[in-house]
Number of protein chains: 2
Amino acid sequence: MVEPGSTSWGESAPVAVRQSSLRERNLAAIVAAVCRADVPPSRADLATELSMTRATAGRLVDELVAARVVDEVDRSQGGRGRPAKGLLPGTGIVGLGLAVETDRLLVRAVDLRGRVIGQRDVPSGPRDAELVLDALAHEAREVRRGLQGRRLVGVGVAVPGIVTDDGRLRRAPNLGWNDVDVAGILASVGGRYPVQVANEADMAALLEAQPRPGRPGPWSDFVHVSAAVGVGGAIVSGGRVVAGEHGAAGELGHVCVDPSGPACGCGSTGCLEQYVGIRALAEVSGLPRERVAEGLAAGAVAGDPRCLAAVEQVTHALSVALASVVNVVGISSVVLGGHLTALDVATIESIRSRLDARVLGSRWKPVQVRPARGDQTAAATGAAHRALADVLARPAAWV
Amino acid sequence: MVEPGSTSWGESAPVAVRQSSLRERNLAAIVAAVCRADVPPSRADLATELSMTRATAGRLVDELVAARVVDEVDRSQGGRGRPAKGLLPGTGIVGLGLAVETDRLLVRAVDLRGRVIGQRDVPSGPRDAELVLDALAHEAREVRRGLQGRRLVGVGVAVPGIVTDDGRLRRAPNLGWNDVDVAGILASVGGRYPVQVANEADMAALLEAQPRPGRPGPWSDFVHVSAAVGVGGAIVSGGRVVAGEHGAAGELGHVCVDPSGPACGCGSTGCLEQYVGIRALAEVSGLPRERVAEGLAAGAVAGDPRCLAAVEQVTHALSVALASVVNVVGISSVVLGGHLTALDVATIESIRSRLDARVLGSRWKPVQVRPARGDQTAAATGAAHRALADVLARPAAWV
DNA sequence: CGTGATTAGTTCGATGAGTGAACTTAAGTC
DNA sequence: GACTTAAGTTCACTCATCGAACTAATCACG
């Protein structure tokens with residue numbers, strides 16, 4: 001999940017580049033431009049935008065069309081000269097996104113245009129890892145069967161825990177799993193393509209950063225909070241999800257809100273998760289766990305004192321915890337996901353203004369806060385995007 | 001602080017690359033390899049390491065030698081065939097590092113081998129920005145005069161405050177400066193080369209990340225704490241200092257240790273700076289400010305109750321604040337700089353173990369803590385490295 | 001309805017950077 | 001002193017991009 005090179009100083013090249021890298025790079029540039037365009041660009045548009053010649057753009061596009069990475073469409077919208085053939089991300093390339101959650105398993109097949117081609121949601125419980133993953137693999141194969149000749153290019157898996165580079169899930173408290181070789185167990189689903197495993201918060205953040213594959217969302221730098229039973233998070237910088245040394249960046253759930261607060265399962269005290277996790281909010285608000293998401297804001301607006309207390313708790317804890325995060329990573333926009341998506345406008349503005357008071361640079365650049373756009377299955381869709389990201393980064397491997 | 005035009009190859013390309021970019025890139029690869037090598041490599045060594053042909057390596061090296069970016073040295077150490085000419089970073093290329101601190105101005109001229117060619121330290125006070133910067137420019141010109149035919153390739157300036165991309169210092173509380181165009185005022189020092197302005201903590205962290213220009217230090221991922229009157233910090237990831245959206249990453253001084261703690265000048269409460277800044281420690285320990293650095297550890301070891309209290313305060317505050325940072329950015333190594341460099345081994349181990357208890361991934365990968373290697377002028381030397389970083393990143397511009 | 005203007009896309013020789021193999025240079029070895 | 005070894009150099013070749021000329025398809029205007 002480590003995507004190289006956020007804002008950086010002196011990068012160093014580990015190996016020399018050859019002429020073929022040049023072509024690889026320009027193929028990627030074309031694909032990226034096609035994905036981020038608002039209207040299907042022509043070969044000539046691409047040549048202008050990327051400052052290459054029409055000759056080069058034409059040749060590269062032809063290769064990508066042959067590989068079905070981009071599709072040609074009619075773009076007859078009048079105008080002077082020869083009508084252009086529009087280019088769109090190919091529908092023949094799909095990525096598979098899987099998600100293991102505490103109570104369900106999700107599968108999404110998404111094409112390069114971001115359209116969901118196939119999906120599957122099944123309930124699950126906190127059982128043995130092998131059993132759960134085998135069930136997930138079964139569902140994934142079912143979805144894969146319905147792809148009808150499209151090319152599967154990779155599999156992404158979102159899991160609620162810390163993942164290491166080799167695709168092992170080190171620890172997932174809410175599943176009770178330790179050291180599970182997720183990538184290995186699910187390898188058969190991907191066939192000869194790699195299975196990319198990452199934290200569900202990172203996958204959801206990827207979807208938030210690019211609502212369509214390769215297409216940047218409104219913000220390119222933000223802190224993403226994924227709140228459910230556990231509270232996770234991710235940092236998006238320059239449109240890329242940044243992972244730490246061991247893929248464990250963005251563990252917002254264990255930022256300290258108050259050192260004298262309640263003990264947390266992680267061994268620390270007063271962690272954010274103890275204030276805004278579903279369990280904590282259910283207890284304070286008196287709502288059943290599954291109704292916290294929708295019920296909280298409504299209850300508070302209706303004046304229910306327990307819901308008001310819960311909302312105040314969320315506001316306080318988030319503003320304290322996120323202020324530290326914003327100061328440390330220097331990113332002043334925050335996206336609230338999971339059950340926090342449903343917070344009402346007034347609460348969000350209240351979090352924002354309290355953050356402003358605590359953030360050093362806010363006088364210069366005010367903090368921004370917004371709810372996430374993704375739905376409650378963002379992690380699975382994001383995982384599919386993660387699978388497709390390999391094609392976007394190195395399309396040469398698929399032509 | 002975000003380096004212009006240095007997008008790396010993995011990520012989506014904004015523009016196409018041409019054949020000349022290929023050469024630029026490989027020149028940079030050669031320079032990087034020469035800088036990070038333990039013994040001066042030959043052209044053949046470089047060809048092997050970078051997997052290019054001897055022909056290519058030879059041609060590119062010749063260009064770099066002509067431009068004095070690398071020097072040829074005799075490496076006659078016996079052996080069979082034709083003796084190799086060793087290659088070292090050029091001594092003819094120097095970067096100028098300036099630092100504005102609360103009580104002094106520093107100038108360092110450093111060559112590509114990391115040797116200090118010229119330096120100047122003068123006392124200063126918190127006066128008008130124009131006056132102080134003019135004095136600094138004067139000192140810098142004096143140092144520049146002593147360069148004797150070497151090529152000055154850039155100027156870096158370390159300042160104690162938040163800096164925006166355009167080289168303006170937005171706010172420097174301990175200098176009482178607001179919105180000062182540092183790059184503009186010092187432009188004359190750099191001649192036709194840009195003046196790179198950044199936070200002193202970032203500059204010091206750069207020196208910690210690369211003790212010699214282009215040569216990585218022992219750790220490539222760490223959180224760097226720069227403690228003085230103010231407490232700053234920086235995040236180093238993959239050997240690079242990461243800047244936030246607005247160059248304001250790593251503001252560790254304003255991570256919240258205790259929301260019910262003392263009010264901080266930043267508008268928040270219980271910030272780290274209120275516990276480990278020089279003023280706070282001087283007050284608790286009873287030591288005069290200028291003696292806090294050396295006196296604190298000694299006093300604590302000697303059993304002085306006030307020093308013991310101060311050390312306990314440092315230990316507690318750092319372990320709480322850094323735990324959040326480590327969890328959020330997923331980097332589990334910490335370097336303590338500024339007056340914290342002088343903490344005794346036992347205190348550092350105590351911070352480390354308390355961090356371990358609060359960090360989610362510590363069971364998998366224990367937290368590491370060490371004092372910084374740089375001296376109290378790290379920011380100025382780091383600023384010189386910053387100036388040289390442009391040559392390392394794009395040597396083609398200098399050949 | 002035909003001619004010209006205009007823009008998209010294609011073809012083809014030129015350019016420049018890396019490749020590979022042969023050649024030259026400067027040692028050490030027997 | 002002839003042979004071996006390895007570093008460095010030379011030169012013809014490859015390949016991706018460039019530039020310019022060419023072809024294709026549509027609109028505008030008389």
Side-chain angles (χ1 to χ4, degrees), chain A residues 13 15-30 33-34 37 39-66 70 72-87 394-396 399, chain B residues 9 13 15-30 33-34 37 39-66 70-87 394-396 399:
Chain A
V15 297
V17 287
R18 48 206 70 244
Q19 266 135 316
S20 60
S21 349
L22 223 158
R23 179 171 151 275
E24 285 183 20
R25 169 87 171 164
N26 283 338
L27 281 171
I30 299 244
V34 168
V39 297
S42 66
R43 289 163 171 77
D45 293 337
L46 293 171
T48 307
E49 180 182 348
L50 304 173
S51 55
M52 54 175 67
T53 59
R54 292 209 305 277
T56 305
R59 188 174 46 77
L60 294 175
V61 165
D62 287 344
E63 291 186 49
L64 291 168
V65 169
V70 309
E72 275 185 328
V73 296
D74 265 341
R75 200 187 66 168
S76 42
Q77 52 181 18
R80 298 280 287 200
R82 173 175 171 173
K85 279 171 271 182
L87 300 168
R394 277 180 36 93
V399 300
Chain B
W9 280 53
V15 298
V17 286
R18 49 205 72 246
Q19 265 142 312
S20 59
S21 345
L22 227 163
R23 177 171 152 274
E24 286 183 19
R25 199 28 208 197
N26 283 338
L27 281 170
I30 300 247
V34 168
V39 296
S42 67
R43 289 162 171 77
D45 293 337
L46 292 172
T48 307
E49 180 182 347
L50 303 173
S51 57
M52 53 175 67
T53 59
R54 292 209 304 277
T56 306
R59 187 171 47 76
L60 295 175
V61 165
D62 287 344
E63 290 186 50
L64 291 168
V65 169
V70 310
D71 290 343
E72 276 184 328
V73 295
D74 267 342
R75 200 186 65 169
S76 41
Q77 51 183 19
R80 298 280 287 197
R82 173 175 171 173
K85 278 171 271 181
L87 300 168
R394 276 178 36 92
V399 299

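All of these numbers come straight from a predicted model, not from anything done at the bench. Sequence lines set the chain letters: A, B, ... in the order given, protein chains first and strands last, and positions in each chain run from 1.
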Under 3.5 Å, N/O pairs linking protein and nucleotides 1-5 of chain D:
{"unit_1": "D:dT5", "atom_1": "O2", "unit_2": "B:Gly81", "atom_2": "N", "d": "3.3"}

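Contact check, B:Thr56 against C:dT19: a side-chain N or O comes under 4.0 Å of OP1 or OP2. For A:Arg18, a side-chain nitrogen or oxygen approaches OP1 or OP2 of C:dT19 to under 4.0 Å. Between B:Asn26 and the phosphate of C:dA17, there is no side-chain N or O to OP1/OP2 separation shorter than 4.0 Å.
B:Glu24 has its CD atom 16 Å from the C1' atom of C:dG18, to the nearest Å. When the P atom of D:dA7 is taken as reference, atom CD of B:Glu72 falls 15 Å away, rounded to whole Å. Between A:Leu60 atom CG and D:dC18 atom C1' the separation is 13 Å, expressed in whole Å. For the pair B:Asp62 CG and C:dA17 P, the computed distance is 15 Å after rounding to whole Å. Atom CZ in B:Arg59 sits roughly 12 Å away from atom P in C:dG16 (whole-Å rounding). We find that CG of A:Leu22 is positioned 6 Å from C1' of D:dA16, with the value rounded to whole Å. Between B:Met52 atom CE and D:dA7 atom C1' the separation is 16 Å, expressed in whole Å. One interatomic measurement links the two molecules: CD of B:Gln19 to P of C:dA14, which rounds to 16 Å at whole-angstrom precision.
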Report, one line per pair, each donor and acceptor closer than 3.5 Å where one atom sits in a side chain of residues 58-66 of chain B; sequence neighbours left out.
{"unit_1": "B:Asp62", "atom_1": "OD1", "unit_2": "B:Arg43", "atom_2": "NH2", "d": "2.8"}
{"unit_1": "B:Glu63", "atom_1": "OE1", "unit_2": "B:Arg23", "atom_2": "NE", "d": "3.4"}
{"unit_1": "B:Glu63", "atom_1": "OE1", "unit_2": "B:Arg23", "atom_2": "NH2", "d": "2.7"}

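Residues from residues 41-48 of chain B placing a heavy atom under 4.0 Å of any atom in DNA chain D, listed by number, are B:Ser42, B:Arg43, B:Ala44.
The backbone N or O of A:Gly86 lies less than 3.5 Å from no partner atom in the side chain of A:Asp74, so there is not a single donor-acceptor pair. The main-chain N or O of B:Ala47 is never found under 3.5 Å from a side-chain atom of B:Ser51 such that the two would form a donor-acceptor pair.
Remark: B:Arg82 engages no residue in a side chain to side chain contact (heavy atoms under 4.5 Å, CB included) (not counting sequence neighbours). Remark: B:Arg18 engages no residue in a salt bridge (Lys or Arg N to Asp or Glu O under 4.0 Å) (not counting sequence neighbours). With sequence neighbours left out, A:Gln19 forms a side chain to side chain contact (heavy atoms under 4.5 Å, CB included) with B:Leu22. Residues that satisfy the salt bridge (Lys or Arg N to Asp or Glu O under 4.0 Å) test with A:Arg394, not counting sequence neighbours, are A:Glu24. Annotation: side chain to side chain donor-acceptor pair (under 3.5 Å) contacts of A:Thr53 (sequence neighbours excluded): A:Thr56. Scanning for salt bridge (Lys or Arg N to Asp or Glu O under 4.0 Å) contacts around B:Arg75 gives B:Asp45, with sequence neighbours left out.
Nearest-nucleotide mapping onto DNA chain C: of B:Arg54 and A:Ala84, the residue sitting toward the 5' end is A:Ala84. In terms of position along DNA chain D, the nucleotide closest to A:Ser20 lies nearer the 5' end than the nucleotide closest to the other residue of the pair A:Pro83 and A:Ser20.
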